[in-house]
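First the structure, in the form of C-alpha cells, and then the observations on it.
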Amino acid sequence: MQKEIKMSTEIEKRVGNLLNSSNGTSSVETGSSRSSETEALQSKPVEIGRGASLLEIDTASEGLNMELKQKQEKMRETDNVKAMLEFREKLPAFKLKSEFLKAVAANQVLVVSGETGCGKTTQLPQFILENEISSLRGASCSIICTQPRRISAISVAARISSERGEKLGETVGYQIRLESKRSAQTRLLFCTTGVLLRQLVQDPDLTGITHLLVDEIHERGMNEDFLLIILHDLLPRRPDLRLILMSATINADLFSKYFGNAPTIHIPGFTFPVKEFYLENVLEKTRYNIQSEFENFRGNSRRGRRQQESRKDPLTELFEDADIDALFKGYSTSTRRSLEAWSGSQLDLGLVESTVEYICRHEGSGAILVFLTGWDDISKLHDKLKVNNFLGDTNKFLVLPLHGSMPTINQREIFDRPPPNVRKIVLATNIAESSITIDDVVYVVDCGKAKETSYDALNKLACLLPSWISKASAHQRRGRAGRVQPGVCYRLYPKMIHDAMPQYQLPEMLRTPLQELCLHIKSLQLGAISMFLAKALQPPDPLSVENAIELLKTIGALDDREELTPLGRHLCTLPLDPNIGKMLLMGSIFQCLNPALTIAAALAHRDPFVLPLNRKEEADAAKRSFAGDSCSDHIALLKAFEGWKDAKRNRKDRTFCWENFLSPVTMQMMEDMRNQFLDLLSGIGFVDKSQGPKAYNQYSDDLEMVCAILCAGLYPNVVQCKRRGKRTAFYTKEVGKVDIHPASVNAGVHLFPLPYMVYSEKVKTSSIYIRDSTNISDYALLMFGGNLIPSKSGDGIEMLGGYLHFSASKTVLDLIRKLRGELDKLLSRKIEEPGLDITVEGKGVVAAVVELLHSQDVHYR
DNA sequence: GAGCACTGC
C-alpha cells in the first residue's frame with residue numbers, strides 16, 4: 001500500500017524555514033538518510049564502569065575473626081537461639097551437615113537436591129557461615145545465595161537472622177532491586193539472581209566472593225540458566241570459589257553432568273503424605289456426569305469431536321484414541337460414560353465444582369486450593385460456587401480468587417486461618433505453585449493445565465496458550481496439600497494423561513524472545529552471542545537467537561559486526577527491554593523525560609490496572625478516561641500515574657487507586673523504578689540532576705511529541721491501520737492481520753485519526769493480539785521510525801524492509817529526507833556526547849520536527 | 001465478535 005503524504009505549502013514553508021535556521025547545518029546532503037543511527041553510532045566505546053563488589057570485605061584481620069567467633073558462640077547460649085536450634089535439628093538437612101561441609105571443602109562444585117521442607121535453603125548457607133566463623137575465617141568469607149524471587153530472598157534472610165538471634169542486615173542480609181538490608185558486617189547475602197547478573201557487569205570475576213549458592217535451579221528460569229553458563233566459564237579462573245547448586249530432586253543429574261560430574265548430595269523431604277486421585281477415581285467418588293460438548297452430533301461423540309477439532313495436543317489425542325471400556329473395566333458405567341465424554345481440550349467447570357462439593361461434604365476440615373489456568377476460569381467458577389451455593393449456608397465458605405492481576409492479590413485473608421467451621425476455598429493460577437504458599441491447605445484440586453508462554457521463532461511471535469503441565473509441576477501442586485497435615489490431591493485428568501506428561505517444563509530460555517538476554521551477553525563481554533548460548537544446558541533455537549540479534553541491529557544497538565554501538569552501550573546500563581530502554585533514552589533526549597520515565601516503568605513492571613472480578617465495566621471505563629482521546633494505552637498509563645502522584649501529595653493515593661482500579665503496590669514500584677532510571681540516566685550523562693526537572697521536560701505535555709518518542713522506542717513494532725468501510729483492520733509485517741486486545745483503550749474504536757499504531761507487546765492467545773497500542777502519524781514514523789529507504793521507483797520512501805511505502809511531491813520528499821538526516825546527525829552526536837544540550841545545538845531541527853508533528857492531523861481525516 | 005500465566009534487573 002502506497003501512502004501519500006500531503007503537506008500544505010504553509011507547513012512546508014514553516015518546517016523548511018525552521019530547519020534552515022538551525023546552527024551550521026546549511027550544507028546538508030539530502031540523500032543521506034541511510035547515514036542514520038546504526039552507522040553513525042559505531043565509534044568510541046562508552047566505558048562500562050567498575051564498582052564495588054556485592055560484599056565489601058575488610059581485609060581479613062585476626063581480631064575480627066575472633067570477634068565474630070566469640071559473638072556467634074555467645075549467641076548460641078541464649079534461650080532464643082537454643083530453641084531455634086532445637087527446631088533446626090529436626091530438619092532433614094541437619095543430619096547431613098558434616099557430610100555437606102566436607103563435600104564443600106573437597107569440591108569446587110556441589111549439587112544438592114532436596115524436596116520442599118528439607119531445609120536446604122535456610123540451613124545450607126547457614127552451615128557454611130557458621131563453619132567459616134568458627135574456623136576463624138569469618139572476616140574474609142563472603143557467601144552469596146541467589147533466589148529467583150524477591151520475596152524468598154527477603155524471607156529466607158529474615159528467617160536465618162532470627163535463627164542466629166540477630167537483626168536482619170547484620171551478618172545475614174539481602175539485596176533485591178530497589179531494596180536492601182545489609183551492612184559492612186554482612187557475610188551471607190541473599191539476592192535475586194537478577195541482582196547478581198547485574199553485579200557481574202562491574203565485577204565479572206566475582207572478586208572476593210568465597211561461596212556462591214544458586215537456589216531453585218530446577219525451575220530452569222532464564223536468569224538461572226544464564227548464570228550457570230557464566231559460572232561454567234568462570235570457575236577455572238576462580239579456583240578458590242565454591243559453587244553449590246540447589247535443586248529439587250527431579251533433575252539433579254543434569255546439573256551434575258554440566259559441571260563435569262560434580263558430586264551430588266540428596267536430602268530427603270519433610271512434608272506430610274498426600275493421597276492422590278485421578279479423574280477416574282474422582283468420577284467414581286462424585287458420580288459426576290460429564291456431558292460431551294458434541295452430544296448433538298450423530299453417532300459416536302468422540303469421533304464427532306475429533307472431526308470438529310482439527311489440531312489437538314498429543315496427550316488429549318492419546319486418551320481419545322484409548323479403549324475406555326477395556327481400560328476401565330472395573331469402573332462403573334457412569335464413570336466410563338463420563339470418561340468417553342471427557343475432553344482434554346476443554347475444562348469442565350461443573351466437574352471442578354462437583355469435586356469441591358464432594359470434599360466439603362465428605363472430607364474433614366481444611367482449606368481447598370484449586371489450580372486453574374486463568375482469569376476466566378477463576379471468574380466462572382467463583383460465580384458458580386456463589387450461585388449454586390451447594391451447602392446452603394454461604395457463611396460456611398470463604399471463596400477467594402488468587403490471580404496476579406486481581407485486586408485481592410495482597411489481601412491477608414488468603415493466608416489467614418478462617419474462623420472455625422468456615423472452609424477456605426482458594427481459586428488460583430500457577431501463582432500458588434511456587435510464589436505464594438498457603439500453609440493450611442489440605443486439599444488440592446488440580447485441573448492439570450497452565451497458561452504457558454512459548455516462542456514461535458518462524459513468525460517472531462510470543463504465544464500464551466493453556467497446555468498440560470509437567471510431571472514436576474503436578475508433583476509441586478500436589479505437595480501444596482501436605483504442609484501442615486496429611487492431605488489429598490484430586491487430579492481432574494486421567495492417570496494415563498499424567499503418565500504421558502513431559503517430565504519437566506521446557507526451560508524458559510527456549511520459550512521466550514531473547515533480545516534482552518543477547519544485550520546482556522554483549523555487556524558482559526562474553527564473546528559471540530550464538531557461541532555463548534550454544535554452551536547452555538539446553539541451547540535455544542538458533543533462529544530465536546538470530547531474530548534477537550536482528551532486532552538489536554534494527555534498533556541500532558548492535559552494528560553489522562554484532563558489536564555494541566554507543567546506543568547499545570547505553571541500553572546495557574538500563575535494566576529494561578532494549579526497545580523500552582531506547583524509548584527512555586529518546587524521551588530524555590527530546591525533552592519528554594517525565595513521560596518517558598513513567599511509561600518505561602509501567603511497561604517494564606506489571607500492568608498497574610487491576611482486573612476485578614465483578615466490576616469489569618467500571619475498570620474499563622476508568623482506564624479509558626485516563627486515555628481521553630489520545631488513542632493510546634501508554635498515555636492512559638502516564639495519566640494514571642500523574643493522577644496518582646497528585647493524589648499522593650494530598651494523601652489520597654489509597655482512595656485514588658481504589659476508585660480507578662489501580663494497584664497501590666504497583667504504583668509505588670513504578671515510582672521507585674522511575675527514580676532508579678533517573679539515577680542511571682544521570683550516571684551515563686543524559687541527565688544532570690542539579691538542573692532540576694524543568695530542564696528535561698519542555699515537551700512533556702506535548703502529546704504529539706510523546707507519541708513520537710514512543711514510536712522511536714517501540715519501532716519496529718508497527719501496525720498499519722487500514723480502513724474497511726466503517727471499521728478499521730490492523731496488519732503487521734510479520735504475521736499479517738492482528739487484533740487490538742479487548743482490554744486496550746483502542747478496542748472497539750472503529751476509526752482512528754492516524755494511520756499507524758506502535759505497540760510494546762504482541763501475543764498470540766485465542767487470536768493474535770496487540771496488547772497495548774498508541775496511534776501515531778506518518779510524520780512520527782518518518783522522523784523517528786526506521787531508516788528511510790528510497791523506493792525503487794524513485795518517487796517515494798520505504799520503511800520496515802519495504803513493508804511501508806510513502807509517496808509525496810519531490811519538494812516534500814526532499815524536505816522530509818533533509819530533516820530526518822539532520823535529526824539523525826543530531827541524535828548521534830547527542831548519544832556520543834550525552835551532555836550536549838540539544839535545545840541549543842539542535843534548536844532549529846527540533847523545532848522543525850515539532851512543527852511537522854503538530855501538523856499531522858491535516859492529512860488523514 | 002472478543003479477554004487479561006508467572007518471575008526479574
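Within every chain, numbering begins at 1; the chains are lettered A, B, ... in the order of the sequence lines, protein sequences first and strands thereafter.
Looking at A:E508, its side chain has no donor and acceptor atom pair within 3.5 Å of the base of B:dG8. Not a single donor-acceptor pair, N or O on each side, falls under 3.5 Å between the base of B:dG8 and the side chain of A:R198.
Note: CZ (A:R177) to P (B:dG8) measures 11 Å, nearest angstrom. Atom CE in A:M222 sits about 20 Å away from atom P in B:dA5, given to the nearest Å. Rounded to whole angstrom, the span from the CG atom of A:L227 across to the C1' atom of B:dC9 amounts to 13 Å. Per the geometry, CD belonging to A:E216 stands 14 Å off P belonging to B:dT7, to the nearest Å. As rounded to whole Å, 11 Å separates atom P of B:dG8 from atom CE of A:M673. Residue A:R511 contributes atom CZ, which lies 14 Å from atom C1' of B:dG8 at whole-angstrom precision. Rounded to whole Å, atom C1' of B:dG8 lies 11 Å from atom CG of A:L178. With rounding to whole Å, A:E179 atom CD is found 14 Å from B:dC9 atom C1'.
The side chain of A:T765 lies closest to B:dC4 when the candidates are B:dA5, B:dC4, B:dG8. Nearest nucleotide to the side chain of A:S435, out of B:dG8, B:dC6, B:dA5: B:dC6. Closest approach to the A:L464 side chain among B:dT7, B:dG1, B:dA5 is made by B:dA5 (side chain taken as heavy atoms from C-beta onward). Out of B:dT7, B:dC9, B:dC4, the shortest distance to the side chain of A:R606 is found at B:dT7. Checked against B:dA5, B:dC9, B:dC6, the side chain of A:W375 finds its nearest nucleotide in B:dA5. In this structure, the nucleotide among B:dG1, B:dC4, B:dC9 sitting nearest to the side chain of A:P575 is B:dC9. Each of B:dG3, B:dG8, B:dC6 was ranked by its minimum atom distance to the side chain of A:I431; first place goes to B:dC6. Each of B:dC6, B:dG8, B:dA2 was ranked by its minimum atom distance to the side chain of A:H403; first place goes to B:dC6. Each of B:dC4, B:dG1, B:dA5 was ranked by its minimum atom distance to the side chain of A:T453; first place goes to B:dA5.
Nearer to the 5' terminus of DNA chain B, by closest-nucleotide assignment, is the contact made by A:H741 (compared with the other of A:H741 and A:R150).
Defined by atom type and a distance below 3.5 Å, a donor-acceptor pair is present between the side-chain atoms of A:T453 and A:R511. Between A:D672 and A:Q676, the side chains place no donor N or O within less than 3.5 Å of an acceptor N or O (distance only, hydrogens not considered). Side chains of A:S473 and A:Q505: a donor-acceptor N/O pair is absent below 3.5 angstrom, by distance only.
If you check every strand for non-hydrogen atoms under 4.0 Å, A:G221 touches nothing. Among the heavy atoms of the strands, none lies under 4.0 Å from A:A747.
The OG atom of A:S744 sits 3.5 Å away from the CG atom of A:D633 when rounded to the nearest 0.5 Å.
For the pair A:K722 and A:Y731, the distance from NZ or CZ to the six-membered ring centre is under 6.0 Å and the angle to the ring normal is within 45 degrees.
The aromatic rings of A:F626 and A:F609 sit tilted relative to each other, their planes meeting at an angle between 30° and 60°.
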